[in-house]
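First the structure, in the form of structure tokens, and then the observations on it.
A, B, ... follow the sequence lines: proteins, then strands. Residue 1 opens every chain. Because the structure is predicted, anything quoted here is derived from the model rather than measured. No hydrogens, no waters, no symmetry mates; every other heavy atom, side chains included, goes into these values.
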Protein chains: 2
Amino acid sequence: MPKLERQRLHDTVVEHIRNFIVEGVLAPGMKLNEREICETLGISRTPLREALKVLAAEGLIDIEPNRGASVSKLSETEIWEMFELLSGLEALSGELACERITPTEIADIKALHYAMITCREKNDLSNYYRYNQEIHDRINEAARNSALRQTYTSLNRRIKALRFRSNFDVAKWDKAIQEHEEMLKALDARDGKRLAEILRDHLIEKREAIMKGSIDHPVA
Amino acid sequence: MPKLERQRLHDTVVEHIRNFIVEGVLAPGMKLNEREICETLGISRTPLREALKVLAAEGLIDIEPNRGASVSKLSETEIWEMFELLSGLEALSGELACERITPTEIADIKALHYAMITCREKNDLSNYYRYNQEIHDRINEAARNSALRQTYTSLNRRIKALRFRSNFDVAKWDKAIQEHEEMLKALDARDGKRLAEILRDHLIEKREAIMKGSIDHPVA
DNA sequence: TACATTTATTTTGCATGCAATATGCAATGG
DNA sequence: CCATTGCATATTGCATGCAAAATAAATGTA
């Protein structure tokens, strides 16, 4: 029998609001009025408030005592730091993936890679992004580490919620693709150190492309 | 004026229960009865349930629909993976710390190191652990990355909740201390790659010391 | 006795209600 | 005209209540 997973209201609410935040329907800084959301979703405040607590724990919203919740708005420094952590997680993913990925998975990633290149040729930025993210995701999955997977996913959501439109110039785009080619080579050779290095630099460059470098970040 | 921080009930409840779990008062697998806890803490179910949702999001408890919450019980594989992630986070911390740590902070860590060695000489395992953890914590802080700090802290809590009593033999103990000496050298030399390597190996050895290696973990 | 079925009790999930705090607005004074 | 005070409204935080599900207990049957 198709065991129909009875799912709890507050869980579906978490997913619902989380998607709204990650997809940009709810922008950073936006106030979340409990009554308003309750009416929209047709639920009472109890499950909603439980959902808000979860989203706050995930770092997607901020809750101020007696003043309600709002979509997290991060400082440039925090964003900078999140990219730094993300680059570390990707590097770790890559290193582990080289040990554990199957030839089939490598082939799948190559297919995604070529699909991505096609998007570049068509100047289809939107789908390019999707394929790009999918490739990074596959590498993370290939690391075969659920804790790493969860942490990576969670951090990625927080970053995605910021809705960067990276000021892309063609040169950077082509460089990014070149780096992806290098990734595939490293994967094929199962050169973990090399893949880690590429992924790390790749992410840092993405960060630089997004953030104009006008902020002060920690240096020695 | 001393801005008196009004704190919410469910937040204090989160901290309360979290401490109980991390300190081992509530052991993995233990069932959490809502009514029972409410009576103990003298609160109603609403703030308690909000707290439980947060703890579940942190990975410290599991909530089964209509069946209540229990302290998370992890499989050996999950534990193995968590150590792997932790080693990656420590390696990243070390690398960044070498770029950003101040001489004062290095001096503080050295002081902790010597205090730790004294504990070893006195066979004071309990305080040895405290100093040991404190040193790793300081390195993580010196990385100057709040996202990394949060992730590390959260993961460490989940691991601490498992309450390992590592089957310690003297040889391993001395080896661990030797590795700590190497860490200090790398810090002094601000050799990030080297410190990362030591920390990573250090953690993996700790994992091996704790887990008897009798589980199957992913390999190529 | 062992096992299945029914009934009673407990426990969870959600809605509602009330008190405390915060917010918005008008009246008052400088 | 602007700032400040006091009041009305809205919003949050927590307690309580009720229905549905799960667990435990009791009964019946082979």
### Given DNA chain C, 5'-ward residue of the pair A:Pro47 and B:Glu36, judged by closest heavy atom
B:Glu36

### Summary
Taken to the nearest whole Å, CD1/B:Ile37 to C1'/D:dC14 is 17 Å

### Task
Would you kindly give the CG-to-P distance between B:Leu9 and D:dT12, to the nearest whole Å?
18 Å

## Note on the structure
By side chain to side chain donor-acceptor pair (under 3.5 Å), A:Ser146 pairs with (sequence neighbours left out) B:Glu81

### Query
A:Arg8 has an atom CZ; how far is it from atom P of C:dG13, in whole Å?
6 Å

#### Entry: B:Asn19 and B:Glu15 side chains, donor-acceptor separation under 3.5 Å
no

### Query
Tell me: CG of A:Asn33 to P of D:dA10, nearest whole Å?
11 Å

### Task
Specify the separation, in whole Å, of atom CZ of B:Arg35 and atom C1' of C:dT9.
11 Å

### Summary
salt bridge (charged side-chain N to carboxylate O under 4.0 Å, His left out) filter on A:Asp201, not counting sequence neighbours, yields none

Please produce a list of atom pairs where a protein N or O lies less than 3.5 Å from an N or O of nucleotides 23-25 of chain D.
{"from": "D:dT23", "atom 1": "OP1", "to": "B:Arg67", "atom 2": "NE", "distance (Å)": "2.6"}
{"from": "D:dT23", "atom 1": "OP1", "to": "B:Arg67", "atom 2": "NH2", "distance (Å)": "3.0"}

Identify all pairs in which a protein N or O lies below 3.5 Å from an N or O of nucleotides 16-18 of chain C, and state each distance.
{"from": "C:dT16", "atom 1": "O4", "to": "A:Thr46", "atom 2": "OG1", "distance (Å)": "3.3"}

## Note on the structure
B:Thr12 meets the side chain to side chain contact (heavy atoms under 4.5 Å, CB included) criterion, sequence neighbours left out, with B:Gln7, B:Leu9

### Over 12 non-hydrogen atoms of neighbours within 6.0 angstrom of NZ in A:Lys73
no

Check residues 46-58 of chain A and write down every donor-acceptor pair under 3.5 Å in which the side-chain atom is one partner and the other belongs to a residue at least two apart or another chain.
{"from": "A:Arg49", "atom 1": "NE", "to": "B:Glu50", "atom 2": "OE2", "distance (Å)": "3.2"}
{"from": "A:Arg49", "atom 1": "NH1", "to": "A:Glu34", "atom 2": "OE2", "distance (Å)": "2.8"}
{"from": "A:Glu50", "atom 1": "OE1", "to": "A:His10", "atom 2": "ND1", "distance (Å)": "3.2"}
{"from": "A:Glu50", "atom 1": "OE2", "to": "B:Arg49", "atom 2": "NE", "distance (Å)": "3.2"}
{"from": "A:Glu58", "atom 1": "OE1", "to": "A:Arg18", "atom 2": "NH1", "distance (Å)": "2.9"}
{"from": "A:Glu58", "atom 1": "OE2", "to": "A:Arg18", "atom 2": "NH1", "distance (Å)": "2.5"}

### Message
If you compare every side-chain N and O of A:His10 against the phosphate oxygens of C:dC14 (OP1, OP2), does one of them come in below 4.0 Å?
### Response
yes

### Separation of C:dT21 P from A:Glu64 CD (nearest whole Å)
17 Å

#### Entry: Of residues 13-21 of chain A, the positions that come close to DNA chain C - non-hydrogen atoms, cut-off under 4.0 Å
none

Hey, can you pull the donor-acceptor pairs under 3.5 Å for the side chains in residues 87-95 of chain B, sequence neighbours left out?
{"from": "B:Ser87", "atom 1": "OG", "to": "B:Glu84", "atom 2": "O", "distance (Å)": "2.7"}
{"from": "B:Glu90", "atom 1": "OE1", "to": "B:His136", "atom 2": "ND1", "distance (Å)": "2.6"}
{"from": "B:Glu90", "atom 1": "OE2", "to": "B:His136", "atom 2": "ND1", "distance (Å)": "3.3"}
{"from": "B:Glu90", "atom 1": "OE2", "to": "B:Tyr152", "atom 2": "OH", "distance (Å)": "2.8"}
{"from": "B:Ser93", "atom 1": "OG", "to": "B:Leu89", "atom 2": "O", "distance (Å)": "2.7"}
{"from": "B:Ser93", "atom 1": "OG", "to": "B:Asn140", "atom 2": "ND2", "distance (Å)": "2.9"}
{"from": "B:Glu95", "atom 1": "OE1", "to": "A:Arg200", "atom 2": "NH1", "distance (Å)": "3.4"}
{"from": "B:Glu95", "atom 1": "OE2", "to": "B:Lys193", "atom 2": "NZ", "distance (Å)": "3.1"}

#### Entry: Test salt bridge (charged side-chain N to carboxylate O under 4.0 Å, His left out) applied to B:Lys110 - qualifying residues, sequence neighbours left out
B:Asp188

### Query
In chain order, what residues pass the side chain to side chain contact (heavy atoms under 4.5 Å, CB included) check against B:Ala142, with sequence neighbours excluded?
B:Ala97, B:Ile101, B:Glu105, B:Arg144

### Message
Holding to salt bridge (charged side-chain N to carboxylate O under 4.0 Å, His left out), I want the full list of residues that pass it with A:Glu39, two or more places apart in sequence or in another chain.
### Response
A:Arg35

### Task
Round to the nearest Å and state the distance from B:Ile63 atom CD1 to C:dT12 atom P.
10 Å

### Any residue meeting salt bridge (charged side-chain N to carboxylate O under 4.0 Å, His left out) with B:Arg67, in chain and number order, not counting sequence neighbours
B:Glu64

### Message
Can you measure B:Leu48 atom CG to C:dG13 atom P for me and round it to whole angstrom units?
### Response
11 Å

